[in-house]
Amino acid sequence: QVHLQESGGGLVQAGGALRLSCAASGLTLSFYAMGWFRQTPGKEREFVAASPWRGGNAAYADLAKGRFTISRDNAKSTVYLQMDSLKAEDTAVYYCAADQRGPGSSDKAVYDYWGQGTQVTVSS
């Protein structure tokens with residue numbers, strides 16, 4: 001049974017940083033593209049960043065470019081999202097997702113598995 005567990009969320013001041021982790025179990029991480037998405041109440045879940053399954057260049061939404069970095073440690077079955085220079089508008093629930101042999105898509109519909117999310121709150 002596949003399980004994705006996010007952690008690392010919390011309350012931070014604007015300009016600060018957080019590192020989110022997503023621990024995966026029940027799958028071999030190296031065979032999966034991993035994505036990060038976020039959602040605020042009343043809005044669609046939106047793409048943040050993704051790491052393709054074969055390695056190579058990660059993909060970032062414009063909102064994340066230059067501030068967020070996705071990385072992965074396949075040996076630890078963990079994916080990370082380093083978030084720097086946080087803004088109040090980054091406040092959201094952040095989700096990780098897995099797409100078997102995926103290219104690292106921004107389309108949430110292609111992801112097979114999702115975590116429960118971790119809350120990030122940025123105070124201004």
Side-chain angles (χ1 to χ4, degrees):
Q1 183 176 359
V2 174
H3 183 68
L4 303 178
Q5 181 65 60
E6 302 93 339
S7 62
L11 174 64
V12 64
Q13 288 188 335
L18 282 175
R19 188 176 81 155
L20 306 183
S21 299
C22 172
S25 59
L27 56 76
T28 301
L29 194 67
S30 58
F31 291 152
Y32 284 80
M34 297 299 295
W36 285 97
F37 292 77
R38 70 186 191 185
Q39 190 170 21
T40 54
K43 292 190 176 181
E44 291 281 327
R45 192 168 296 188
E46 65 177 348
F47 171 71
V48 176
S51 170
W53 80 282
R54 287 187 172 183
N57 293 331
Y60 294 94
D62 287 345
L63 64 92
K65 288 178 181 176
R67 299 190 301 128
F68 296 0
T69 304
I70 187 172
S71 61
R72 60 197 294 160
D73 186 333
N74 289 336
K76 294 184 177 179
S77 289
T78 303
V79 180
Y80 305 97
L81 184 69
Q82 176 68 41
M83 304 189 295
D84 299 320
S85 302
L86 283 162
K87 307 173 183 179
E89 51 264 43
D90 294 319
T91 296
V93 177
Y94 283 73
Y95 299 89
C96 67
D99 174 23
Q100 189 172 19
R101 292 186 169 85
S105 175
S106 61
D107 182 1
K108 58 183 179 292
V110 307
Y111 287 84
D112 305 302
Y113 304 104
W114 291 85
Q116 292 299 307
T118 185
Q119 176 70 48
V120 171
T121 303
V122 183
S123 64
S124 57

- Query: Got a sec, which pairs hit disulfide bond (SG atoms under 2.5 Å apart) with one end in residues 9-77, sequence neighbours left out?
  - Reply: Cys22-Cys96
- In this structure, which one of Leu81, Leu20, Asp84 forms a side-chain contact (heavy atoms from CB on, under 4.5 Å) with Phe68? Leu81
- Message: Applying a strict under-4.5 Å side-chain criterion to I, L, V, M, F, W and Y, I'd like to know whether Val110 and Tyr32 cluster together.
- Response: no
- Message: Within the 4.5 Å heavy-atom criterion, are Asp73 and Tyr80 side-chain neighbours or not?
- Response: yes
- Task: Please indicate whether Gln116 has more than 12 foreign heavy atoms, meaning atoms of other residues, nucleotides or ligands, lying under 6.0 Å from its CD.
- Result: no
- Message: Quick check for you: to the nearest 0.5 Å, what is the distance between Gln82 atom CD and Arg19 atom CZ?
- Response: 7.0 Å
- Message: Please find the pair of heavy atoms, one from Tyr111 and one from Met34, that lie closest to each other, and give the distance.
- Response: CE2-C, 4.3 Å
- Side-chain contact, heavy-atom cut-off 4.5 Å: Ile70 with Val79? yes
- Query: About how many Å separate CG of Asn74 and CG of Leu29, when rounded to the nearest 0.5 Å?
  - Reply: 4.5 Å
- Interatomic distance, Glu46 atom CD to Thr40 atom OG1 [nearest 0.5 angstrom]: 7.0 Å
- Minimal non-hydrogen separation, Gly9 against Thr118, with atom names: N-OG1, 3.2 Å
- Message: Please give me the minimum heavy-atom distance between Val120 and Met83, naming the atom from each residue.
- Response: CG2-CE, 3.9 Å
- Are any non-hydrogen side-chain atoms of Tyr94 and Glu6 less than 4.5 angstrom apart? no
- Would you check if the side chain of Arg72 reaches a backbone N or O of Pro52 as a donor-acceptor pair within less than 3.5 Å? yes
- Item | Minimal non-hydrogen separation, Gly117 against Val93, with atom names | CA-CG1, 3.8 Å
- Evaluate the side-chain proximity of Asp99 to Trp53: yes if any heavy-atom separation is below 4.5 Å, no if none is. no
- Report the distance from atom OG of Ser124 to atom CG of Leu86, rounding to the nearest 0.5 Å. 12.5 Å
- Message: When you compare the side chain of Thr91 with that of Gln119, does any pair of heavy atoms fall below 4.5 Å?
- Response: yes
- Task: Taking the side chain as every heavy atom from C-beta outward, state whether Phe47 and Asp107 have any pair of such atoms under 4.5 Å apart.
- Result: no
- Query: Are any of the side-chain nitrogens in Asp90 or Lys87 under 4.0 Å away from the carboxylate oxygens of its partner?
  - Reply: no
- Can you name the nearest heavy-atom pair linking Leu18 to Gly8, along with the distance? CD2-O, 3.8 Å
- Task: Output the distance between atom CZ (Arg45) and atom CZ (Phe37), rounded to the nearest 0.5 Å.
- Result: 8.5 Å
- Message: Hydrophobic cluster membership, with links at side-chain heavy-atom distances under 4.5 Å among I/L/V/M/F/W/Y: are Tyr60 and Leu63 in one?
- Response: yes
- Atom of Val2, atom of Leu27 and distance for their closest heavy-atom approach: CG1-CD2, 3.4 Å
